Amino acid sequence: MKKKAVIASLVVALVSMVLVVSVCASGGGHEAEHKSLYTLLAENPMPLLKDFLWRIINFAVLLWILIKFTGKPIKNYFANRREALLQGINEAREAKDAADRMYKEYQEKLAQLDDEIKALENRIRSEAEAEKKRITAEAEQFVAKVTRQAEQMADQEVLMAKRRLKDEAARLAIEAAEAMIKHKISADDQEKMVHNYLEKVVGAQ
């Protein structure tokens, strides 16, 4: 509807322009130059109307030729141009929708970022606490193991020292007995001396 109105307006404008041109062209002479269009139509309308009719026919034929040979390409051009514009509008609308969705996603991610950071901190703290407990337990086990080994080594050293003392006491008792025998001490005296000596040595241990 709008297109038809535009075409009609163009046709009216072209007809008016042709009419003015025809009047100006056909009026000729200095007399016509000083007369208006209405005056010429009132005085002798036929030549003017005949000339105007021929010009309209020529213009119509020219317009038909133009429409016949150039109307379709022009129509196709504008149709393609319209499709291109619509496609561009659709692409721009889709890009805007995608940008809006991306903006909303980032807004949601930013809103959840604090919660994610807190969750990460809690997880790191829990892992650190568990690692601390594990290291402490391993250290306690190592200390207990070293302590047991030290106690076992001390016990062995004590036993070896007692054994050496007993051996030394026995050796000294034998030497004392041999000395008393050399000094011709009686057997009873020698036995008492050895027995007393052993009791002292064992009691001292």
Side-chain angles (χ1 to χ4, degrees), residues 1-17 59-60 62-173 197-205:
M1 188 69 181
K2 187 175 180 180
K3 184 177 179 180
K4 291 181 178 178
V6 172
I7 294 173
S9 300
L10 290 174
V11 171
V12 171
L14 289 172
V15 170
S16 300
M17 183 177 67
F59 175 73
L62 178 62
L63 185 62
W64 179 82
I65 292 172
L66 290 174
I67 294 173
K68 180 68 175 178
F69 294 102
T70 62
K72 190 174 181 179
I74 293 173
K75 184 178 179 181
N76 292 335
Y77 169 77
F78 282 108
N80 294 332
R81 181 63 178 168
R82 180 176 179 276
E83 291 179 358
L85 291 175
L86 291 175
Q87 185 177 359
I89 292 170
N90 292 329
E91 291 177 354
R93 187 179 292 112
E94 292 176 355
K96 180 180 180 300
D97 294 339
D100 291 339
R101 288 194 299 272
M102 186 177 296
Y103 176 76
K104 290 180 180 178
E105 290 178 359
Y106 279 109
Q107 288 292 329
E108 293 176 356
K109 288 182 178 178
L110 288 175
Q112 297 174 356
L113 185 60
D114 293 337
D115 296 336
E116 293 180 356
I117 291 174
K118 290 180 180 178
L120 182 61
E121 289 178 352
N122 293 330
R123 188 179 68 183
I124 293 173
R125 189 176 294 107
S126 299
E127 292 178 355
E129 189 67 23
E131 186 67 14
K132 178 183 176 182
K133 290 181 179 179
R134 186 185 65 79
I135 293 173
T136 302
E138 290 181 356
E140 291 176 353
Q141 292 176 359
F142 179 75
V143 171
K145 182 179 178 181
V146 171
T147 302
R148 286 195 302 272
Q149 292 178 351
E151 290 176 352
Q152 291 175 358
M153 292 176 65
D155 293 340
Q156 291 178 358
E157 289 293 333
V158 170
L159 292 175
M160 292 177 65
K162 287 182 177 180
R163 189 176 295 111
R164 285 195 296 271
L165 286 174
K166 287 181 179 179
D167 294 340
E168 183 66 17
R171 187 183 62 79
L172 292 174
Y197 186 78
L198 290 174
E199 285 181 351
K200 291 180 180 178
V201 172
V202 173
Q205 296 176 358

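Fair warning: this is a prediction, and the values are worked out from it, not measured in the lab.
If you take CD on E140 and OG1 on T147, they are separated by 11.5 Å, rounding to the nearest 0.5 Å. We find the NZ-CD distance between K133 and E129 to be 5.5 Å, quoted to the nearest 0.5 Å. W64 contributes atom CH2, which lies 6.0 Å from atom CZ of F69 (distance to the nearest 0.5 angstrom).
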Contacts under 3.5 angstrom, residues 115-125 side chains, donor-acceptor by atom type, not counting sequence neighbours:
residue : atom : partner : partner atom : Å
N122    : OD1  : R125    : NH1          : 3.2
N122    : ND2  : K118    : O            : 3.1

Which pairs would a plain distance check flag for residues 77-93, meaning a side-chain donor or acceptor within less than 3.5 Å of a matching protein atom at least two apart in sequence or in another chain?
residue : atom : partner : partner atom : Å
N80     : ND2  : N76     : O            : 3.0
Q87     : NE2  : E91     : OE2          : 3.4
N90     : OD1  : R93     : NH1          : 3.0
N90     : ND2  : L86     : O            : 3.1

Using atom types as modelled, flag every donor-acceptor pair under 3.5 Å from a side chain in residues 102-114 to any protein atom, sequence neighbours excluded.
residue : atom : partner : partner atom : Å
Y103    : OH   : Q107    : NE2          : 3.2

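Under the 4.5 Å side-chain criterion, counting only non-hydrogen atoms from C-beta, E131 is not in contact with E127.
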Between D100 and K96, is the salt bridge (Lys or Arg N to Asp or Glu O under 4.0 Å) condition met? List the steps. CA-CA 6 Å; D100 291 339; K96 180 180 180 300; 3.2 Å; yes
CA sep, side-chain torsions, deciding dist, call: R134, E138, salt bridge (Lys or Arg N to Asp or Glu O under 4.0 Å) | CA-CA 6 Å; R134 186 185 65 79; E138 290 181 356; 2.7 Å; yes
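A salt bridge does not link R163 to D167: none of the charged nitrogens lies less than 4.0 Å from a carboxylate oxygen. Salt bridge status for R148 with E151: absent, with no side-chain N to carboxylate O gap under 4.0 Å.
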